[in-house]
Amino acid sequence: TQTTRPQRILKAVQKNATKGDPDSVISAIDHYCKHSEWAMNVGDEKGSILDSVVSEVNPSTVLELGTYCGYSAVRIARLLSPGSKLITVEFNPAIAAIAKQIIAYAGIQDKVTLVEGSSGDLIPKMKECFGITSFDFIFLDHWKDRYVPDTKLLEECGLLRKGTVLLADNVICPGAPEYLKYIRNNRRYESRYYPAHLEYTKVEDGLEKSIFLG
Ligand SMILES: O=C(NCCCOCn1ccc2cnccc21)c1cc(-c2ccc(F)cc2)cc(O)c1O
Ligand SMILES: [Mg+2]
């Protein structure tokens, strides 16, 4: 019976990475996706930009929309200070089940809460369910047409504070043109574009970093 791509990625991690070593998990996924089959992880080029933004912000509370196999959750969580928390949201239960195993294999499961569901349903419940007052850092990597409505929802739910950093993947490919229009013309945000390439390809892509000004 046919395996899924996330299942094949998990097998590659179990075969090639060292349990409890997040960097080896990241390398194993990147190697597999470069040499065996492409997958929509943020990847090593954009991942290095993600690393530098996370290190600069040093967030205590992080929200990730779009877990997929957990690659960026591992990238982010491995850089968090003790006591910091990442909440990552995945829509697809089968994919979430794989991500859970990859996050555990990396040994950073204590820093990560993986929640299954849609961002539109979960964002309004963040305060009551997780005791969050606001997020220090948000990584947007889910349905590209949800970037604008979910940013507005985060504002309305009081989950952004002066200085909250939003980092959006794929603003060029597949593209989030409405998001760029919304965030770049909004005086409540200060935005900067980081040019890069679509993971594991030479196709142009990039990350948009935006600071909420309150
Ligand atoms: O589509 C992409 N990501 C999104 C996945 C579903 O996310 C669904 N999803 C996950 C939580 C969540 C919460 N609420 C609603 C939906 C929610 C995505 C796609 C590509 C890509 C680029 C070129 C291609 F030719 C084909 C694909 C690259 C990326 O880096 C991506 O991130
Ligand atoms: Mg992406």
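Whatever order the structure lists ligands and atoms in, that order sets their numbers, starting from 1. Quick note: numbers below take in every heavy atom, side chains included, and nothing from hydrogens, waters or symmetry partners. Numbers here simply count residues along the sequence, with the first being 1.
The nearest heavy-atom contact from the protein to atom 8 (C) of ligand 1 is Trp143 NE1, 3.4 Å. Closest protein heavy atom to atom 3 (N) of ligand 1: Lys144 NZ, 3.4 Å. Protein heavy atom at the shortest distance from atom 24 (C) of ligand 1 is Trp38 CH2, 4.5 Å.
Sorting the N, O or S atoms of Asp169 by how far they are from the Mg ion (ligand 2) puts OD2 first.
Remark: Arg192 CZ is loosely packed, at most 12 non-hydrogen atoms of other residues, nucleotides or ligands lying under 6.0 Å away. Around atom CD of Glu155, more than 12 heavy atoms belonging to other residues, nucleotides or ligands sit under 6.0 Å away.
Near Gly66, the atoms of ligand 1 lying under 4.0 angstrom from a non-hydrogen atom of the residue are 10 (C), 11 (C). Close contacts between ligand 1 and Asp141 involve ligand atoms 3 (N), 4 (C), 32 (O) [criterion: under 4.0 Å to a heavy atom]. Listed by number with element, the atoms of ligand 1 under 4.0 angstrom from any heavy atom of Asp169 are 30 (O). Each of the atoms 28 (C), 29 (C), 30 (O) of ligand 1 lies under 4.0 Å from some heavy atom of Glu199.
Using a cut-off of 2.8 Å, one finds that Tyr68 contributes no N/O/S atom close to the Mg ion (ligand 2).
Residue Gly117 places a heavy atom under 4.0 Å from ligand 1.
To the nearest 0.5 Å, atoms CG (Leu159) and NZ (Lys127) are separated by 5.5 Å.
Taking the six-membered ring for Trp and thresholds of 30 and 60 degrees, Phe139 and Phe137 have nearly parallel ring planes, at less than 30 degrees apart.
Under 4.0 angstrom from ligand 1, there are no non-hydrogen atoms of Asn41.
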